[in-house]
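Here's the structure we're looking at; comments come further down.
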Amino acid sequence: MKRRVALRLYAALTTAALAAATGVVVSMPSASAATGGATGYATQNGGTTGGAGGQTVRATTGTAIHQALCGRASSSTPIIIEVEGTINHANTAKVSGDSCNTAAGVIELKQISNVTIVGVGSGAVFDQLGIHIRQSSNIIIQNVTVKNVKKSGSPTSNGGDAIGMESDVRNVWVDHASLEASGGESEGFDGLFDMKDNTQYVTLSYSTLRNSGRGGLIGSSETELSNGFVTFHHNLYENLDSRTPLLRGGIAHIYNNYYVKLNESGINSRAGARAKVDNNYFKDSKDVLGTFYTDAAGYWQVSGNTFDNVTWSAPGSENNPAGPDPKSNTTVSIPYAYSLDAASCVPGIVAQTAGANKGLKVSDGNCSTQTPTPDPTDPTPDPTDPTDPAGTNLSIGAGSDGTSKADGTSYGNVRDGDLSTYWSPAGATGSVSVKWASATAVSSVNIREASGSAGSIGSWKVLNGDTGAVLTSGSGAGAITIPKTSLRKITFEITGSTGTPKIAEFETYAG
């Protein structure tokens with residue numbers, strides 16, 4: 001069975017809507033997108049969860065995407081940005097803030113972490129506008145189209161890369177994306193999916209890469225060997241000249257991809273790189289695997305691949321094609337679990353699943369498709385549950401305090417929009433409060449328990465922190481309705497528990 005990392009992109013209730021003349025971010029009370037978990041090398045090094053557990057906002061312009069990043073409490077505050085519509089140069093301006101470092105004419109994910117960008121509704125198209133990931137970690141990009149990004153001519157963006165990663169990037173998952181150009185370098189285009197300058201733990205899955213001179217690279221030169229641990233699976237590579245990918249140093253796992261019409265070369269393992277190439281289908285292509293355009297050898301381990309009308313060049317001083325009868329010349333150990341579709345199934349499976357707007361369908365590992373479902377052990381409440389409060393979570397940006405806290409926990413963790421952090425009392429009982437500088441009307445709260453602790457909270461009281469009056473009482477975590485009260489402080493007091501209670505979020509709502 002495939003390994004699934006528990007991840008749900010649910011619509012955590014948002015802060016107040018951001019608005020500007022050049023774009024809008026609208027708070028969303030319910031989810032518009034869902035996903036399974038990261039796969040491949042993106043599951044390693046701590047895993048890739050993007051903005052899971054954070055606020056969900058909707059953006060219809062590039063400027064609004066930047067506003068959402070800049071409006072976070074910090075550069076690492078989790079956020080899910082749902083994108084709909086066409087993102088282009090005209091609607092993508094620089095936005096400033098302590099939690100971001102953006103630029104005009106490119107979607108800039110720079111010096112940040114814990115972000116998901118996902119296309120929803122009628123779709124998200126980044127038209128002639130690239131996505132640049134730099135000095136960042138834990139990023140998910142899903143269900144988007146990025147097309148015709150140029151490095152020369154007009155307009156230019158992101159050095160000509162559809163999606164580019166560089167400078168100490170870690171843990172990126174790109175899934176169900178459609179990446180395309182309209183020619184090669186002479187027409188002003190560069191790579192569709194490039195990684196360089198110490199980029200590691202990346203997965204590209206269920207995506208299409210089309211009509212470009214260059215599919216993508218891992219490492220910018222024969223001496224720039226700090227990149228690697230990259231997985232490519234269930235992708236379509238069609239009408240590309242080369243670089244599917246170009247791998248300089250490092251390790252790549254390449255399985256269940258469909259390659260058709262690779263015009264000059266395909267997987268190019270160089271400079272000591274090692275590629276594990278499993279159960280792919282290559283069709284109507286040339287030199288689909290080997291070391292090309294250099295005498296700096298790379299290596300490969302091959303198994304289960306199909307070569308359908310593939311032609312091979314003769315070996316030379318700077319060309320070492322793996323065919324016409326590809327044999328392994330290294331071994332590569334893969335640290336994660338995965339399952340393989342038979343190569344014969346790959347064209348059909350990829351046609352049904354790869355690219356944006358395919359309903360996020362994936363392979364079941366047995367030559368059939370399925371739609372990912374949430375992990376049943378995930379404690380995150382169903383975002384469509386009518387008992388969940390609606391509106392703006394007033395706790396974001398508020399203050400907090402409480403009784404004694406357990407080591408390693410913080411009062412502030414209950415109001416940071418992050419389900420992976422939490423507050424625990426020093427014992428089985430205790431209280432935590434949310435507070436504001438001025439009186440705030442509250443009519444409901446939502447207590448969200450941290451992963452692994454669901455059901456620990458027993459009996460409780462909700463108190464008016466200004467007067468000590470009991471507003472309501474009950475047992476178990478979840479949505480709680482109280483009489484609408486104007487107050488500066490509200491307290492959740494745990495009076496009974498089993499195990500160690502862990503409150504990930506103490507959300508408050510006006511109505």
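All of these numbers come straight from a predicted model, not from anything done at the bench.
- The distance from atom CD of Glu108 to atom OG of Ser157, rounded to the nearest 0.5 Å, is 9.5 Å.
- In this structure, the side chains of Phe126 and Ile65 come closer than 4.5 Å at one or more pairs of heavy atoms.
- Of the possible polar contacts, one joining the Arg488 side chain to the Ala437 backbone as a donor-acceptor pair under 3.5 Å is found.
- The residues Glu82 and Arg58 are annotated as salt-bridged, a charged nitrogen and a carboxylate oxygen being separated by less than 4.0 angstrom.
- Under the 3.5 Å distance criterion, with hydrogens and angles disregarded, no donor-acceptor pair is assigned to the side chains of Thr61 and Thr63.
- In the model, Ser122 has a side-chain atom that pairs as donor or acceptor with a side-chain atom of Glu84 under 3.5 Å.
- A 6.0 Å sphere centred on NZ of Lys461 holds no more than 12 heavy atoms belonging to other residues, nucleotides or ligands.
- When the ring pair (Phe, Tyr, Trp, His ring centres under 6.0 Å) test is applied to Phe229, the partners found at least two apart in sequence or on another chain are Tyr41, Tyr201.
- Using a 4.5 Å cut-off on side-chain heavy atoms (C-beta onward), Val362 and His234 make no contact.
- Between Leu69 atom CG and Ile117 atom CD1 the span is 6.5 Å, to the nearest 0.5 Å.
- With Glu449 contributing its side chain and Ile457 its backbone, the two residues share a donor-acceptor pair below 3.5 Å.
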Determine, step by step, whether Tyr206 and His233 satisfy the side-chain contact (heavy atoms from CB on, under 4.5 Å) criterion, reporting the C-alpha distance in whole Å, the side-chain angles of both residues, the deciding distance to 0.1 Å, and the verdict.
-> CA-CA 7 Å; Tyr206 298 100; His233 73 89; 3.5 Å; yes

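- Of the listed residues (Thr48, Thr49, Thr43), just one forms a side-chain hydrogen bond (donor to acceptor under 3.5 Å, both in side chains) with Asn171, and that residue is Thr48.
- When atom types are taken as modelled, the side chain of Ser99 and the backbone of Cys70 share a donor-acceptor pair closer than 3.5 angstrom.
- Within the 4.5 Å cutoff, the side chain of Thr485 has heavy atoms near those of the Leu471 side chain.
- Residues Ala356 and Val144 share a closest heavy-atom pair of CB-O, 3.6 Å.
- Residue Phe193 is tested with Asp161, Asn235, Val202 for a side-chain contact (heavy atoms from CB on, under 4.5 Å); the sole match is Val202.
- Side-chain contact check for Ser113 and Asn138: no donor-acceptor pair (N or O, by modelled atom type) lies under 3.5 Å.
- The salt bridge (Lys or Arg N to Asp or Glu O under 4.0 Å) check on Asp401 picks up Lys435, Lys489, with sequence neighbours excluded.
- Asn114 and Ser76 form no side-chain donor-acceptor contact under 3.5 Å, judged by distance and modelled atom types alone.
- Listed by chain and number, the residues in a salt bridge (Lys or Arg N to Asp or Glu O under 4.0 Å) with Arg134 are Glu166 (sequence neighbours excluded).
- Residues Ile503 and Tyr422 have side chains not in contact (no heavy-atom distance under 4.5 Å, counting atoms from C-beta outward).
- Side-chain contact, Gln142 with His176: no donor N or O sits under 3.5 Å from an acceptor N or O.
- Interatomic distance, Ser395 OG to Trp436 CH2, rounded to the nearest 0.5 Å: 5.5 Å.
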Can you check side-chain contact (heavy atoms from CB on, under 4.5 Å) on Thr92 and Val106, steps first, answer last?
-> CA-CA 7 Å; Thr92 303; Val106 63; over 6 Å; no

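- Partners of Thr472 under the side-chain contact (heavy atoms from CB on, under 4.5 Å) rule, at least two apart in sequence or in another chain, are Trp460, Val462, Ile480, Ile482.
- A donor-acceptor pair is defined here as one N or O able to donate and one able to accept, closer than 3.5 Å; no such pair exists between the side chain of Thr231 and the backbone of Thr203.
- Side-chain contact between Asp416 and Ile396 is absent, with no heavy-atom pair separated by less than 4.5 Å.
- In this model, no donor atom of one side chain and acceptor atom of the other lie less than 3.5 Å apart for Gln370 and Asp364.
- Defined by atom type and a distance below 3.5 Å, a donor-acceptor pair is missing between the side-chain atoms of Asp168 and Gln135.
- Between Ile80 and Val118 there is a side-chain heavy-atom pair separated by less than 4.5 Å.
- A donor-acceptor distance shorter than 3.5 angstrom exists from the side chain of Asn257 to the backbone of Phe232, with no hydrogens or angles considered.
- Side-chain N or O atoms of Tyr411 include one that pairs as donor or acceptor with a backbone N or O of Thr403 at under 3.5 Å.
- For Ser433, the side chain to side chain donor-acceptor pair (under 3.5 Å) test picks out Thr491, with sequence neighbours left out.
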Please test Thr353 against Lys358 for side-chain contact (heavy atoms from CB on, under 4.5 Å), starting from the C-alpha separation and ending with a verdict.
-> CA-CA 6 Å; Thr353 59; Lys358 289 290 185 72; 5.8 Å; no

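- Between Tyr509 and Val445 the shortest side-chain heavy-atom distance does not fall below 4.5 Å.
- His253 pairs by the ring pair (Phe, Tyr, Trp, His ring centres under 6.0 Å) definition with Tyr255, Tyr336, Tyr338, not counting sequence neighbours.
- Inter-residue side-chain proximity for Trp173 and Thr39 is flagged as met; some heavy-atom pair is nearer than 4.5 Å.
- In summary, Arg448 and Glu507 engage in a salt bridge, as defined by a charged side-chain N under 4.0 Å from a carboxylate O.
- Counting non-hydrogen atoms of other residues, nucleotides and ligands closer than 6.0 Å to NZ of Lys361 gives a total of 12 or fewer.
- Looking at Glu493 and Thr495, their side chains never bring a donor and an acceptor atom within 3.5 Å of each other.
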Trace of the side-chain contact (heavy atoms from CB on, under 4.5 Å) decision for Leu209 with Leu204 | CA-CA 11 Å; Leu209 296 86; Leu204 176 68; 3.9 Å; yes

